[in-house]
Amino acid sequence: MNANYEQFFKEFSFENGVKLKNRIVMAPMTNFSSNTDGSVTEEEVNYYARRSGGPGMVITACAYVTRNGKGFHGEFGADTDELIPSLRQLAAGIKAQGAKAILQIFHGGRSCPPELVPNNETVSASAIPAEGEGQPVPRELTTSEVETIIKDFGEAARRAVEAGFDGVEIHGANGYLIQQFFSPHSNRREDRFGGSIEKRMTFPLEVIKEVKKAAAASKTPFIVGYRFSPEEPETPGITMADTLVLIDKLAEQDLDYLHISLLDHTSIPRRGVDDTRSRLEIVQERVGNKVPVIGVGSIYTPQDAVDAFATGVPLIALARELIIEPDWVQKIQEGREDEIVTKIDKNRQQELVVPDPLWNAIIHTPGWFPGV
Ligand SMILES: Cc1cc2nc3c(=O)[nH]c(=O)nc-3n(C[C@H](O)[C@H](O)[C@H](O)COP(=O)(O)O)c2cc1C
């Protein structure tokens, strides 16, 4: 193996004792391929299995914690005990290949397609639509409904424990419900969940508390991570300065990791800080050794990974590249990095083991994946 890449293969230990065989993580990716009843399909399990032989840890697509949080066609659920066998199938499919399996748990809030939620009624922190033409106006959740959704996150985590997952990742990123509560754009509430930045952190913090309670009931150490997006383009909207406040708070919650969501690991802040370094560098410096950070974003070549690790993050995640090249980790480990493919080959769907709905989304969305 090329000596520059040896750092990827150093074992990683979480504070709770769980060990990863290497520092590469598969980032969560929705695949639009589950059954309409919220159970996973065989195609989907095969797709994960094909990618779970290399990375130390695989984070699944997001799973809804309650029916009014279903954000995608073909999304699987973690909202009822009837779905535990389905979740178990997924966890086992990943773990059999040697990776730790993490279930991403989620509520889509105002971003849910109305046709996927009960009575076509989307819900959010406040009745503020997302920006852009024709966005539905969500209904503001009542205080007691918010409290129920917090419990739903805990219940989904309990099901993940029962299904044999090694952990859960709380999806607080990409503009979905948890972020909608933190954002001054979407949260204009006047109860204990809205107002000052401290109050806007109440919902994410109570979700963490509830999920950690479920994790504590596990017989074996159970990982709890949290994903966040550092900035929003809207005004008002989350700024890098707001995110520094959030991550200071997150770092005190005894989480196992923080996972930033970025399209490009080298991207720089839009506003909020007087700092020209990358968002990833700024976040890693701020968090320090308090909790491990997972970096991500447009990592295709092993050199991209070396550059991302140079920020000091202990773990990095790859999303698109692991669809394009399921053997990314193995090829580096075997000194065959010159065989790594970094553009999607439109003739290799079968070989790449990608379910039709995800494949169709990829090849019909120009500019999303390299090679399309
Ligand atoms: C097909 C696809 C589906 C995604 N679904 C999710 C998701 O369910 N949850 C999430 O947090 N991020 C999701 N993302 C974002 C990725 O986790 C990742 O942050 C982003 O693609 C940047 O990493 P990359 O450059 O390695 O692709 C998705 C990305 C892709 C390409």
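Indexing begins at 1, ligand by ligand and atom by atom, following the structure's order.
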- request: Provide, to 0.1 Å, the distance between atom 6 (C) of ligand 1 and the closest protein heavy atom, together with that atom's residue and name.
  value: Pro28 O, 3.2 Å
message: Less than 4.0 Å is my threshold; does some heavy atom of Ile59 fall inside it relative to ligand 1?
response: no
query: Hey, is ligand 1 close enough to Glu321 that some N/O pair sits below 3.5 Å?
result: no
field: Option nearest atom 3 (C) of ligand 1 (shortest heavy-atom distance, choices Val25, Thr365, Thr30, Ile294)
entry: Thr30
- prompt: With only distance considered, is Ser298 within less than 3.5 Å of ligand 1 through an N or O on each side?
  reply: yes
task: Group every Ile, Leu, Val, Met, Phe, Trp and Tyr by side-chain heavy-atom contacts under 4.5 Å, then state whether Val25 and Ile324 land in the same group.
output: no
- line: From the list Glu131, Glu234, Glu232, side chain to side chain donor-acceptor pair (under 3.5 Å) partner of His185 resolves to Glu131
query: Could an N or O of ligand 1 be found under 3.5 Å from any N or O of Arg227, whether backbone or side chain?
result: yes
Sub-4.0 Å heavy-atom approach of Trp368 to ligand 1: yes
- prompt: Of the protein's non-hydrogen atoms, which lies at the shortest distance from atom 27 (O) of ligand 1, and what is that distance?
  reply: Arg320 NE, 2.7 Å
query: Under 4.0 angstrom from ligand 1, any heavy atom of Gly297?
result: yes
message: Just by distance, no angles: are the side chains of Asn68 and His107 close enough, under 3.5 Å, to form a donor-acceptor pair?
response: yes
message: Ignoring hydrogens and geometry beyond distance, is a side-chain donor-acceptor pair present between Tyr257 and Glu169 at under 3.5 Å?
response: yes
message: Does ligand 1 come near enough to Glu169 that some N or O of the ligand is less than 3.5 Å from an N or O of the residue?
response: no
message: Can you confirm, on distance only, whether ligand 1 has an N/O atom lying under 3.5 Å from any N/O atom belonging to Ala319?
response: yes
message: Consider ring-ring contact (aromatic ring centres under 6.0 Å, His included). Of Phe153, Phe106, Phe228, Tyr226, which one does His171 pass it with?
response: Phe106
task: Answer yes or no: is there a side-chain heavy-atom contact under 4.5 Å between Ile149 and Leu141?
output: yes
